[in-house]
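These figures come from a predicted structure and were not determined experimentally. Residue numbers count from 1 along this sequence. Atoms within each ligand, like the ligands themselves, are counted from 1 in listed order.
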Amino acid sequence: MTILVLGGAGYIGSHTAYELIDKGEDVVIADNLQTGYQEAVHPKARFYKGDIRDKAFLDNLFKNEKIDAVIHFAANSLVGESMTKPLKYYDNNLYGTMVLLQSMVENSIDKIVFSSTAATYGEPENIPILESDKTEPTNTYGETKLSMEKMFKWVSKAHNLRYVSLRYFNACGAHISGEIGEAHNPESHLIPIILQVPNGKRESVSIFGDAYPTKDGTCIRDYIHVTDLAQAHILAVEYLRKGNPSNIFNLGNGIGFSVKEVIDTARKVTNHPIPAVISPRRAGDPAQLIASSEKAKSILGWRPEHADLEEIIATAWKWHKNHPDGFKK
Ligand code: UFG
């Protein structure tokens, strides 16, 4: 039986496809290559170029391949862009998922694991954040992900379909082999931006605000290695294969690191001074986001293996040092 990875040419999707293939699964990848890269597609996966909003494309795929479960990463995921282009996010994330669900229901595909986000919570009321906490997104990206979760909830009540929604905190790091890693254009995430300095791509890194109510005044995040995220998707597929009910899980390490701590660790890993400049706050940044992942640990049996920030940044550095321009040759 085959697993379909939608968005398998993107950052988290490509790492998940690598782990699935390592485990001996048969993998099909579909991606429109809007933000993904052909070079990130595992050579052993069968690749279909196409868009989840194209129902004929999906119907054809489900007829050609014996798909047992879908893992769905195909979405736009930039918080800032989602505020200036909200309709792009409703179109790709929400409408795309609606078309996908129509095709899955018609083709009797009954299991799906999909990417959700800490952005579904908005400004947290409690730390660490539990799955049962209030969800009040403060940006369009988080809102479309929350709406996707709700669409899955109602569709699964009406049709023979079960889902697992995985709410990621700050995905980071790269495959241990250094073959694939994070590549966004333009880059917007903290760790790859920091590593652009020792790579000679920028002079310094900006710290967005140093007067937050945190230990050193800079924002605190829960950084989770992309391979640990990939493993959680595999466990979620197994959970659904065993006949378990639909569910939602947070995925983080439960440890918070400040922006200054991340920069200091990168200095140590790269042996570069990495100058940092205090800059104004970025709109919409919560001071602190830390996950409780106890539910994923107890129900899925998830055990993140790369909680050490130095190790996380070392894997990212191995990738970025050898691919300063990402996948672009
Ligand atoms: N930051 C800087 N300087 C930079 C870039 C980031 O100081 O040049 C800070 C941010 O202000 C933030 C932290 O570093 O405090 C992490 O920022 P990222 O942009 O790497 O990640 P976010 O926490 O903003 O976003 C992540 C995911 C989103 C998800 C969100 C949930 O990337 O997909 O968490 O809130 F929606």
Exercise. Is it true that the NZ or CZ of Arg281 lies under 6.0 Å from the centre of Tyr212's six-membered ring and within 45 degrees of the ring axis?
Worked result: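 Here Arg281 passes the 6.0 Å and 45° test against Tyr212.
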Can you name the atoms of ligand 1, numbered from 1 with element, that are less than 4.0 Å from a heavy atom of [X]?
X      : answer
Ile193 : 8 (O)
Arg282 : 10 (C), 11 (O), 12 (C), 17 (O), 18 (P), 19 (O), 22 (P), 24 (O)
Cys219 : 15 (O)
Leu289 : 35 (O)
Ser206 : 2 (C), 3 (N), 4 (C), 7 (O), 8 (O)
Ile207 : 7 (O)
Ser77  : 33 (O)
Ser188 : 19 (O)

Exercise. Are Arg241 and Asp68 within salt-bridge range, i.e. N to O under 4.0 Å?
Worked result: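 A salt bridge is present here (some side-chain N lies under 4.0 Å from a carboxylate O).
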Problem set entry | Salt bridge Lys85-Asp91, side-chain N to carboxylate O under 4.0 Å |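 No, no charged N to carboxylate O under 4.0 Å.
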Going by the closest heavy atom to [atom], which one wins out of [options]?
atom                    : options                : value
atom 27 (C) of ligand 1 : Glu187, His189, Arg167 : His189
atom 6 (C) of ligand 1  : Thr218, Thr214, Leu190 : Leu190
atom 26 (C) of ligand 1 : Asp222, Ile220, Asn170 : Asn170

Exercise. Roughly how far, to the nearest 0.5 Å, is the NZ atom of Lys201 from the CG atom of Leu195?
Worked result: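 Going from CG on Leu195 over to NZ on Lys201, the span is 13.0 Å.
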Problem set entry | CD1 on Ile29 to OH on Tyr48, rounded to 0.5 Å |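 Between Tyr48 OH and Ile29 CD1, I get 12.0 Å after rounding to 0.5 Å.
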For this session: Determine whether Lys145 and Ser115 make a side-chain contact, defined as any pair of heavy atoms from C-beta on separated by less than 4.5 Å.
Result: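 Yes; the side chains approach each other to less than 4.5 Å.
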Exercise. How about Thr140 and Tyr90: do any of their side-chain heavy atoms sit closer than 4.5 Å?
Worked result: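 They are in side-chain contact.
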Exercise. Closest non-hydrogen protein atom to atom 9 (C) of ligand 1, residue and atom name please, with distance?
Worked result: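 Among all protein heavy atoms, the one nearest atom 9 (C) of ligand 1 is Val259 CG2, 3.8 Å.
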Problem set entry | Shortest protein contact, atom 4 (C) of ligand 1 (heavy atom only) |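 Result for atom 4 (C) of ligand 1: Phe208 CE1, 3.3 Å.
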For this session: Specify whether Tyr223 and Phe257 have parallel, tilted or perpendicular ring planes, treating 30° as the upper limit for parallel and 60° as the lower limit for perpendicular.
Result: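 Rings of Tyr223 and Phe257: tilted, 30 to 60°.
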For this session: Evaluate the ring planes of His184 and His189, with Trp represented by its six-membered ring, and classify them as parallel (under 30°), tilted (30 to 60°) or perpendicular (over 60°).
Result: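 Ring orientation of His184 relative to His189: tilted.
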Record the part of [X] in heavy-atom contact with ligand 1 below 4.0 Å; permitted values are side chain, backbone, both and neither.
X      : result
Tyr168 : neither
Tyr223 : side chain
Ile191 : neither

Exercise. Short N/O distance, under 3.5 Å, between Asp285 and ligand 1?
Worked result: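 Looking only at distances, the answer is yes, because the N/O contact criterion of under 3.5 Å is met.
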Problem set entry | Distance-only side-chain donor-acceptor flag, Thr97 / His72, under 3.5 Å |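 Yes, because at least one side-chain N or O of Thr97 sits under 3.5 Å from a partner of the opposite role on His72.
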